[in-house]
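Before any comments, here is the structure.
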Amino acid sequence: MNSRNRITILLLQAAPYLLFLAILLVFGSLSDRFLSLANFTNIVIQAAPVAILAIGMTFVLLTAEIDLSVGAVMYLTGCILGLYLGGVPWPIGLMVVLVASALLGAVNGALVAYLGITSFIATLGTLFIGRGIAMSVSNTASVYFPEAITSLNRATVFGIPSAIVAVAVVFVIAWVLLQQTPFGRQVYAVGQDRDAATKAGLPARRIVFFCFVISGALAGMAGFVSSTQIGAITASYGLQAEFSAIAAAVLGGTSLFGGRGGVKGALFGALLIQTAANGLVIINANPYIYPLVTAGIIFIAVAVDGLRSHMLERLERRFIRPWEIA
Amino acid sequence: MLVSEAVSRRAEREAGRSRWKAAARFILSEYLVLALCVLYTLVMIPFVPEIATVEVWQNILSDMMPLLIVCLGQTIVLIIAGIDLSVTAIISLASVVGASIMTQSDGYLSGPLAAPAAMAAMLLVGAGIGLLNGLSITRLNMPAFMVTLATTNFFGGSAIWYTTFHSTTTSIYDLPDMFISIGDRDIAGIPIAVVIAVAAALIVHGVLAYTILGRWLYAVGKNPRTAYVSGVPVRTTILSAFILSGMLAALASIVYTARLQTGTPILGERILLDVIGAVVIGGTSLFGGKGKVIWTVFGVLFLVLIDTTLKLLGASLFVIYVIKGSVILAAALLDTLRTRYLGVR
Amino acid sequence: QSGKTIAVLFDGLYSEFWVAGMQIIKDEMKKRGYAVLEGISDKDDSKQFEQVRAMIARKVDGIIIVQTDSKAVIPAIRAANRANIPMVHFNRPPAESDAYSVAVVADNQTIAREAVLHSCRTAKQAGGKFKAAILIGNLGDPNAIQRRDGFQEAVSQFSDTIEVVARIPTEWNSDKAFAGLTNALQANPDINFLFTSSDFLIPQITQALKSANKWAPIGDPKHVIFTGFDGFPTAYELMEQKYMDACGVQNLFFETKLAIDAIIQMQEGKKPEKVLLDPGFAITQANMMEKREEMWGYTLLKQKKSG
Amino acid sequence: MKTNQRADQPLLSVEGITKSFFGVRVLHGVSFELWPGEALGLVGENGSGKSTSMNILGGVHQPDGGRMSLAGQLYAPQSPREAGRAGIAFIHQELNLFPNLSIEENLFITDFPKRGGVPFIDRGWVRKRARELLAEVDLDLPPTRLVGNLAQGERQLVEIAKALHADAKVLILDEPTTSLTRREVERLFAIVNRLKSRGVGIIFISHALEDVMHVCERVTVLRDGAVVGTDLRERLNVPAIISMMVGRSIDAIFPERSTKPREEVALRVRGLTQRGVANDVSFDIRAGEVVGLSGLMGSGRSELARLIFGLDPIESGTIEVAGTRLMRPTPKASMAAGLAFLTEDRRNEGLLMDASIVDNIGLTFLKRFRVGPGFVGGKALNTTAGELARMVHLSTDRVQDTLAKHLSGGNQQKVVIAKWLLRRPKVFILDEPTRGIDVGAKQEVYRIINRLVEEGGAVFLISSEIEEVMGLSDRILTINKGEITGSFERSGFDREAILAAAMAPVGPKREATA
Ligand SMILES: Nc1ncnc2c1ncn2[C@@H]1O[C@H](COP(=O)(O)OP(=O)(O)OP(=O)(O)O)[C@@H](O)[C@H]1O
Ligand SMILES: Nc1ncnc2c1ncn2[C@@H]1O[C@H](COP(=O)(O)OP(=O)(O)OP(=O)(O)O)[C@@H](O)[C@H]1O
Ligand SMILES: [Mg+2]
Ligand SMILES: [Mg+2]
């Protein structure tokens with residue numbers, strides 16, 4: 001591999017980050033408030049719920065399944081938290097939310113992995129049922145969270161805002177789980193080829209099941225973090241959250257067909273989308289162009305990724321005559 | 001060869017022994033969703049007796065039509081293992097573009113040509129966005145999900161913005177009668193919308209079942225590598241699928257717009273999950289290579305039927321959500337049980 | 001009257017306003033011996049049209065409707081006319097047409113203008129320059145547009161005092177509102193004048209202002225002059241605690257009464273005016289005590305407190 | 001090896017296993033025994049039920065009837081996982097690796113070693129053990145390489161390494177040598193012998209009967225889903241096995257051709273170069289000629305074929321088919337000019353596994369059945385596909401409703417051949433055309449090749465079986481590292497010379513030695 005090639009590969013690998021940088025520079029040149037530490041902190045805090053959601057979704061996508069019910073899980077567990085756990089200390093509230101959402105994820109997992117229902121349909125069904133139950137317990141009215149929970153938004157750990165701590169913890173655990181444990185590697189195997197994985201002796205069903213449990217639990221976590229931020233939820237809470245989560249995950253390079261991607265990408269995708277939205281507000285852009293600009297940025301990011309992986313594939317192919325490439 | 005003869009003879013014998021079973025299988029495989037529709041209707045009669053009236057079935061039929069047209073396009077795209085999230089934006093943008101051309105208050109065109117020209121423009125919008133989707137996927141190596149997510153946000157946003165230049169409110173009204181008649185007139189007793197949808201369904205069925213393009217679509221969906229090595233123009237095939245999907249969405253937009261007599265930029269914003277849901281419930285696979293028009297027809301019927309009964313029930317939103325979710329799950333469960341125990345499909 | 005049915009078709013239950021409106025209508029109708037059928041269209045005019053047809057097929061005796069689009073509802077009105085079923089629009093008027101229906105409307109633009117004007121005067125009295133932000137609703141929703149325009153009218157009369165530095169689209173989505181306002185406060189830490197197009201965003205506004213360390217009652221130098229709209233219970237609480245300066249109130253009870261009366265009149269063959277106006281009002285720190293009885297949020301709050 | 005010194009009970013016994021798919025019975029009571037430390041050869045025609053029997057042993061399918069016992073215990077695995085736990089290791093005919101994972105991850109995917117108590121993978125140990133296993137199968141690759149970047153043969157070696165790690169009681173090898181060249185095959189035999197001496201029982205499935213005779217103490221012959229006989233190697237010979245398999249004897253394996261190559265050139269390749277893949281490759285194939293390409297694993301044979309067919313881009317050089325130059329080769333353009341290409345990767349590039357036989361066959365030439373604008377004449381297609389299926393002796397005639405994935409491996413290969421025959425190619429590039437097919441079928445393929453050539457077609461034959469190349473070709477080219485290193489006329493065919501040419505140094509090494 002000669003040095004020119006190596007530089008090309010490095011550049012290509014860094015392409016998404018370069019694009020990110022370009023976006024920062026454009027917004028930065030339009031508003032001097034944009035490029036500040038405080039604003040970046042803001043971006044990460046705001047991206048936190050979607051990032052957590054996307055990390056959970058990544059597990060499901062890696063097994064070539066999909067989870068449309070995450071928004072409903074957020075809404076339902078949010079209602080439980082706001083309506084029934086107003087008085088308890090927040091760590092207990094969080095535990096209950098996590099357990100409840102993991103159970104909801106387990107329902108999805110059981111429907112998909114053990115009963116063999118296509119995940120799109122299964123989670124579409126649970127989406128409706130989940131939202132329906134949430135509406136009925138809240139009577140479709142707003143659910144307000146007590147000060148104990150909303151004040152968490154302003155809490156910090158060693159000076160780091162709580163939402164960032166939450167994302168960081170979730171990210172590290174998820175990354176270690178996927179990259180450093182047998183379960184994680186088996187998730188990739190199952191996602192690549194379910195039949196082959198079964199033949200190889202992997203408990204494919206159980207693995208898929210647990211991915212849904214993880215997605216459910218992280219949906220609850222995301223809901224908790226966003227509850228601390230927005231203070232109250234209404235009947236539209238979490239609507240279409242599944243699309244934001246899938247978008248962030250896929251933007252970060254995870255394939256809808258399984259076996260490819262990772263949580264780093266999910267985090268990156270969520271941050272990129274949030275950065276664009278943040279930049280537009282900061283430069284006080286015309287509200288009508290918001291969706292146009294964000295969509296444009298997503299499009300460019302995906303296009304760059306597509307071209308990049310195409311070229312990387314070509315450059316990194318093994319050759320029979322390696323000395324000619326060197 | 002000995003083996004083949006023996007095997008096929010045995011197969012014949014077994015087939016003969018259980019002809020009734022084969023018949024049951026046949027019905028269950030292709031017409032399960034239809035059977036479920038019948039079953040569901042029967043179950044619902046005590047709760048909403050109106051379901052047994054002609055008027056309600058006319059409503060069901062007319063409600064099905066535009067949704068069916070969009071779903072036809074989605075079926076094609078799912079067959080090639082793609083997905084088209086942009087259909088909703090196409091419906092919205094085509095609606096306001098068409099309306100802005102033909103509206104009698106300050107439209108671009110007037111006179112008898114306004115409506116046909118507007119409809120052509122609407123189809124063009126669909127084809128154009130489909131082309132953009134297709135090119136991005138084939139030339140830029142982008143995943144269909146992301147491409148169409150980006151285009152749906154972009155063109156959905158554009159539709160809202162576009163409207164502000166043509167109307168002081170949020171929609172465009174005063175469409176010519178010729179256009180509106182698509183929504184409320186009949187040809188020989190059959191509503192025009194039904195004629196359009198049935199024609200579209202027949203054409204798409206024809207393409208999928210009897211043409212070279214149809215076979216290419218399935219082949220690309222099953223395995224694009226093999227298709228490419230076998231000389232199939234994979235890129236053109238993918239491109240065609242997205243253009244067709246775009247144009248069918250635009251055609252649906254014509255029907256929706258005519259029915260509401262208004263071009264609105266949020267038309268169709270909410271139907272995405274219904275569209276994909278109906279197609280997948282019908283039996284088309286999200287992983288490509290599998291799908292049929294008739295399945296989609298049944299899937300759409302199933303969803304519209306549920307929706308209609310729930311509307312007639314007039315129950316509160318959460319009851320409706322829970323029932324709808326449960327019915328979808330129950331149908332899916334039946335589907336897998338029969339796959340498991342009868343070994344069909 | 002018994003044995004009669006009425007359909008209540010809303011386009012969504014996205015805020016307390018609609019939830020309360022739906023509840024008040026249902027309670028009132030039941031009190032008068034009607035059975036109530038519900039339908040929520042989820043901002044899909046096409047679906048709502050289908051709902052209207054389904055209700056016609058069920059032969060209801062009247063339809064109270066909240067459409068999303070003023071023009072797209074006209075075919076539904078025509079269908080109701082053909083079936084001879086009275087139709088009343090609740091809170092959102094349809095566009096002009098030959099079809100007959102009655103609309104109960106609040107004067108959004110005026111109410112918003114009046115409320116914001118009060119806040120503008122407060123600002124002017126306080127002296128100095130003010131940086132304003134507005135949380136705009138869904139750009140496809142006429143009420144959101146009217147409220148924005150009312151705000152615009154008011155502040156433009158005070159252009160020497162007030163400069164609008166942030167227009168935040170929320171799409172009626174609380175996450176977006178929270179993020180948008182936080183970002184705006186980031187870009188313009190000196191924002192000290194705020195209008196929200198709906199009170200349902202109050203929790204997010206509270207959160208964002210607290211984070212920016214700008215949540216302070218009237219009189220505190222950090223106070224942000226805050227104008228609400230709708231007249232939610234939470235809005236009343238904030239008025240009482242002196243965090244909110246003014247709020248545009250739609251008179252929900254009055255609107256409900258107008259709507260139901262209109263339906264009954266139409267059933268009796270009368271033809272009420274096509275538009276019945278709820279003038280609404282702006283509740284301000286100045287007139288709070290005398291006006292609060294008309295504020296639905298206050299009434300609900302009182303009910304909740306009493307049990 | 002003390003194979004005659006038997007233990008007192010068989011390691012594995014299989015009694016009267018039956019199995020049907022969709023109402024069609026494919027196994028009619030298969031019975032055999034496997035003793036510790038022996039290798040049992042399992043042979044039979046394509047579709048005779050070898051893989052199905054093994055899939056039942058390996059827990060992939062459950063039998064409809066019959067019983068199995070493993071080391072005296074009743075054995076009825078419900079899943080491959082259970083089978084694996086019971087001590088059965090299985091190398092499937094269709095390789096079962098995950099291209100998105102590295103070699104080492106593939107090796108340990110079912111039982112990653114964990115680091116003392118904590119649930120994390122002990123990467124250091126994994127790396128070390130992976131190196132050992134790869135060394136054992138003589139595969140010199142870094143364990144971190146993605147399996148997706150490996151050649152077929154290399155993948156097969158990874159599978160073998162994986163099975164070695166499993167430390168099983170019974171090792172099932174379902175056609176493990178199809179992508180291996182002689183050297184690796186010898187290596188595999190050494191491994192098998194070592195395992196036997198450790199008391200492992202081995203079931204060895206192959207269509208290379210000489211190999212079976214070489215490593216197996218006993219041979220079981222399957223026909224039509226039933227065992228027709230089991231006997232000791234000493235009492236058998238290859239022709240006897242063949243006649244048991246097919247019910248008749250097969251004589252000359254390479255049928256004679258009645259025609260000689262013609263004058264006109266069917267395929268002319270000049271100066272074909274692609275950096276890193278091929279260097280200045282030039283040769284001609286005349287109409288009516290078979291040219292074989294011989295080389296070691298990874299020598300670039302398949303790569304060369306792909307370049308010619310337009311599957312990979314070329315930097316310079318020209319390709320002419322029957323006198324017309326291919327300007328920008330793509331599969332479509334090449335096919336239009338008269339080329340056909342049977343790829344070695346049947347599963348991913350050769351077949352639509354989820355499509356029917358007809359759909360697979362028709363795919364290459366749908367235009368031929370065009371009726372009206374863009375429509376396909378389904379009837380004509382079905383008829384023609386049926387004829388082709390018979391021509392290649394496919395085991396089933398239900399071509400419309402049998403999916404490719406439900407065919408046995410060899411029959412799948414026949415479908416791929418049939419789909420290219422549909423185009424009546426002028427030049428047919430065959431990459432490992434007889435991989436995984438039985439002797440009878442092989443002879444059938446040879447006949448097909450001959451017929452094609454006799455009708456004026458040209459064949460470019462790539463095969464790892466040197467006998468096959470020598471038996472069929474008019475001329476043999478050797479290749480190493482993407483360069484042609486030798487050319488032999490039929491009269492001068494010599495095994496040793498060809499092998500030597502295939503190993504001739506090229507590239508910088510050659511310059512260094514020169
Ligand atoms: N999953 C399946 N569904 C339906 N039929 C199957 C399935 N698996 C195998 N068969 C059928 O069972 C028969 C036996 O196939 P099997 O794969 O066992 O043959 P084989 O002896 O391994 O042949 P080969 O030498 O070609 O690999 C074939 O006729 C095949 O079509
Ligand atoms: N130095 C190498 N040694 C072994 N394999 C290599 C080497 N370089 C590349 N390869 C791999 O081998 C393949 C190229 O070998 P190719 O398949 O063309 O050779 P072949 O002689 O046809 O081998 P096979 O026996 O696998 O068909 C490529 O897929 C490549 O990944
Ligand atoms: Mg086999
Ligand atoms: Mg090869």
Side-chain angles (χ1 to χ4, degrees), chain B residues 1-19 21-22 25-26 29 79 81 203 206-237 240 285 287-291 342-345, chain D residues 20-26 45-48 223-225 246-247 306 309 311 330-336 341 343 345-355 359-360 362-367 369-378 381 389-390 393-398 419-420 423 440:
Chain B
M1 219 177 225
L2 283 171
V3 182
S4 75
E5 276 170 21
V7 166
S8 63
R9 220 177 303 126
R10 256 195 316 280
E12 273 161 30
R13 226 181 304 128
E14 291 206 15
R17 211 184 303 138
S18 55
R19 190 145 290 155
K21 206 173 155 192
R25 261 183 210 174
F26 174 73
S29 65
I79 284 175
I203 291 171
V207 168
L208 288 180
Y210 302 114
T211 66
I212 293 181
L213 177 63
R215 288 180 188 249
W216 284 345
L217 288 165
Y218 286 105
V220 168
K222 284 183 173 129
N223 186 341
R225 285 291 310 159
T226 299
Y228 181 67
V229 175
S230 307
V232 173
V234 175
R235 285 178 170 174
T236 317
T237 307
S240 319
S285 162
F287 292 93
K290 210 175 105 182
L342 292 174
V344 287
R345 246 198 229 171
Chain D
S20 304
F21 290 111
F22 308 116
V24 179
R25 177 159 295 184
V26 297
E45 281 182 301
N46 293 132
S48 56
R223 188 162 93 214
D224 198 7
V246 296
R306 298 174 70 86
F309 191 63
L311 273 173
T330 61
K332 217 176 142 211
S334 310
M335 285 164 64
F341 176 48
T343 77
D345 189 353
R346 183 164 70 211
R347 179 137 101 155
N348 295 310
E349 293 185 335
L351 283 174
L352 303 172
M353 283 295 178
D354 285 317
D359 287 346
N360 270 294
L363 195 60
T364 51
F365 205 6
L366 289 168
K367 291 222 167 88
F369 305 98
R370 189 161 63 186
V371 286
F375 287 89
V376 177
L381 172 56
R390 268 192 298 284
H393 292 259
L394 206 62
S395 72
T396 174
D397 47 9
R398 297 166 41 165
K419 85 178 210 185
W420 287 112
R423 289 195 68 90

D:R306: partners by salt bridge (Lys or Arg N to Asp or Glu O under 4.0 Å), with sequence neighbours left out: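 By the salt bridge (Lys or Arg N to Asp or Glu O under 4.0 Å) rule, D:R306 matches D:D312, D:E349.
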Geometric class of the D:F309/D:W420 ring pair [parallel <30°, tilted 30-60°, perpendicular >60°]: perpendicular
Using non-hydrogen atoms and a 4.5 Å limit, figure out which bit of [X] sits close to chain B: side chain, backbone, both or neither.
X	result
D:K419	side chain
D:F369	neither
D:L351	backbone

Scan for ring pair (Phe, Tyr, Trp, His ring centres under 6.0 Å) pairs involving residues 206-235 of chain B, sequence neighbours excluded, and state none if there are none.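 Of all non-adjacent pairs touching residues 206-235 of chain B, those that pass ring pair (Phe, Tyr, Trp, His ring centres under 6.0 Å) are B:H205-B:Y210.
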Max heavy-atom pair count under 4.5 Å with chain B, selected residue of D:A355, D:S334, D:A333: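 If we count pairs closer than 4.5 Å to chain B, D:A355 comes out on top.
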Salt-bridge test for B:R215 and D:D359: reply yes if a basic N is under 4.0 Å from a carboxylate O, no otherwise. yes
